[in-house]
Colleague: 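Quick one: this structure, given as structure tokens, is what I'll be asking you about.
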Amino acid sequence: MQNDRQSQKQLYERYSEQMYAICFRYCRDEYKAREALQNGFIRVFNNLKSFNTDMSLGAWMRTIMINSSLDELNRNKKTENIEDNKFINQLSEPNLIDETMTAEEMMSLVNEMPEGYRTVFNMFIIDDLSHLEIGQLLGIAEATSRSQLSKARNYLKIQLLHKQKLYL
């Protein structure tokens with residue numbers, strides 16, 4: 001299938017929407033997400049011979065798309081370790097999520113996060129990667145990954161609290 005254009009087209013058609021969603025979740029910009037998707041599929045096609053059948057094809061491709069998205073983010077700048085202390089430990093209120101909040105509204109809040117927070121949040125919460133794996137992929141310490149996730153969670157808490165105050 002490596003050089004079989006018809007098979008490549010079928011693979012692309014089957015997985016492109018799902019893989020684009022992954023790329024967009026990281027890149028948060030349509031152009032960058034499409035670039036990451038295109039580069040990711042090039043990697044998929046070039047590395048099909050190394051595909052290990054112990055893993056599902058979708059999971060293997062997801063890993064490639066995550067890496068492609070990270071490369072796209074890093075193309076113009078390195079992922080920053082955001083040390084914005086104004087978000088740290090400002091809230092301790094439980095149950096901030098409004099029962100009527102949709103998944104789209106929640107993802108909108110995630111998409112508004114600073115890039116460093118959002119990247120680690122996506123990798124840990126949504127893509128189920130460990131802090132060790134995140135650190136290796138981003139070239140950061142495992143502790144930095146944990147710190148970024150904590151800051152991302154606090155950021156979300158603040159945004160949810162702010163959103164609730166607007167509706168009161």
Colleague: Over all heavy atoms of both residues, which pair between G40 and S68 is shortest? Give the atoms and the distance, please.
Modeller: N-OG, 3.3 Å

Colleague: Under 4.5 Å between any side-chain heavy atoms of L149 and M123, yes or no?
Modeller: no

Colleague: Any heavy-atom pair between the side chains of F41 and S16 that's under 4.5 Å?
Modeller: yes

Colleague: Taking atom CD of E17 as the centre, does the number of heavy atoms from other residues, nucleotides or ligands within less than 6.0 Å exceed 12?
Modeller: no

Colleague: Report yes if some heavy atom in the side chain of L37 is under 4.5 Å from a heavy atom in the side chain of Y12; otherwise report no.
Modeller: yes

Colleague: Are the side chains of S108 and E112 in touch, meaning some heavy atoms are under 4.5 Å apart?
Modeller: yes

Colleague: Just by distance, do the side chain of D127 and the backbone of L129 share a donor-acceptor pair under 3.5 Å?
Modeller: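 It does not hold such a pair.
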
Colleague: Output, in order, the C-alpha distance, side-chain angles, deciding distance and verdict of side chain to side chain contact (heavy atoms under 4.5 Å, CB included) for L138 and S145.
Modeller: CA-CA 9 Å; L138 297 179; S145 174; over 6 Å; no

Colleague: Which heavy atom in A36 sits nearest to a heavy atom in E72, and how many Å separate them?
Modeller: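 Result for this residue pair: CB-CB, 4.2 Å.
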
Colleague: Are the side chains of M19 and V44 in touch, meaning some heavy atoms are under 4.5 Å apart?
Modeller: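 Sidechains of V44 and M19: no contact.
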
Colleague: Between N46 and K49, what is the shortest heavy-atom contact and its length?
Modeller: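 Smallest interatomic distance, heavy atoms only, reads O-NZ, 3.8 Å.
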
Colleague: Short question: side chain of S150, backbone of R146 - any donor-acceptor pair under 3.5 Å?
Modeller: no

Colleague: Using every non-hydrogen atom in the two residues, find where R25 and I126 come nearest and quote the distance to one decimal.
Modeller: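 Closest approach of R25 to I126: CZ-CG2, 3.2 Å.
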
Colleague: How long is the span from the CD atom in Q38 to the CZ atom in R43, to the nearest 0.5 Å?
Modeller: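 Answer for the CD-CZ pair, Q38 versus R43, is 12.0 Å.
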
Colleague: Find the distance between CD (E13) and CD (Q8) and round it off to the nearest 0.5 Å.
Modeller: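 Rounded to the nearest 0.5 Å, the CD-CD separation comes to 12.0 Å.
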
Colleague: Within this structure, what is the CG-OG distance for the pair L137 and S69, rounded to the nearest 0.5 Å?
Modeller: 11.5 Å

Colleague: Without swapping roles, check the side chain of T119 against the backbone of E115 for a donor-acceptor pair under 3.5 Å.
Modeller: yes

Colleague: Using modelled atom types only, decide if a donor and an acceptor are shared between the side chain of S50 and the backbone of N47 within a distance under 3.5 Å.
Modeller: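 Present.
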
Colleague: Would you verify whether the NZ or CZ of R118 falls within 45 degrees of the ring axis of Y26 while also being under 6.0 Å from that six-membered ring's centre?
Modeller: no

Colleague: Treating D29 as the side-chain partner and K32 as the backbone partner, does any N or O pair qualify as donor plus acceptor under 3.5 Å?
Modeller: yes

Colleague: How long is the straight-line distance from CD1 of I140 back to OG of S147, given to the nearest 0.5 Å?
Modeller: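 Here the rounded value is 9.0 Å.
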
Colleague: Decide side chain to side chain contact (heavy atoms under 4.5 Å, CB included) for L109 and Y155; before the verdict, give the C-alpha distance in whole Å, the side-chain angles of both, and the deciding distance to 0.1 Å.
Modeller: CA-CA 9 Å; L109 288 177; Y155 177 91; over 6 Å; no

Colleague: Is there side-chain contact between F121 and V110, with at least one heavy-atom pair below 4.5 Å?
Modeller: yes

Colleague: For D128 and R62, what are the C-alpha separation, side-chain angles and deciding distance, and is it a salt bridge (Lys or Arg N to Asp or Glu O under 4.0 Å)?
Modeller: CA-CA 12 Å; D128 202 29; R62 187 190 90 192; over 6 Å; no

Colleague: Please lay out, stage by stage, how Y20 and E30 fare under the test side chain to side chain contact (heavy atoms under 4.5 Å, CB included).
Modeller: CA-CA 9 Å; Y20 175 77; E30 187 175 338; 3.4 Å; yes

Colleague: Are L70 and I42 joined in one hydrophobic group, where the rule is that I, L, V, M, F, W and Y side chains link up if heavy atoms are under 4.5 Å apart?
Modeller: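 In one cluster: no.
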
Colleague: Answer yes or no: is there a donor N or O on one side and an acceptor on the other, between the side chain of T63 and the main chain of A59, under 3.5 Å?
Modeller: yes

Colleague: Is there side-chain contact between Y15 and L57, with at least one heavy-atom pair below 4.5 Å?
Modeller: yes

Colleague: Is it true that a side-chain atom of E133 and a backbone atom of S130 form a donor plus acceptor pair closer than 3.5 Å?
Modeller: yes

Colleague: Mind checking whether I158 and R153 have side chains closer than 4.5 Å, heavy atoms only?
Modeller: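 Counting from C-beta outward, I158 and R153 never come under 4.5 Å.
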
Colleague: Tell me the closest heavy-atom pair linking C23 and A33, and the distance in Å.
Modeller: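 Heavy-atom minimum between the residues: CB-O, 3.6 Å.
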
Colleague: Go through T144 and H131 one step at a time and tell me if the side chain to side chain contact (heavy atoms under 4.5 Å, CB included) criterion holds.
Modeller: CA-CA 9 Å; T144 303; H131 288 293; over 6 Å; no

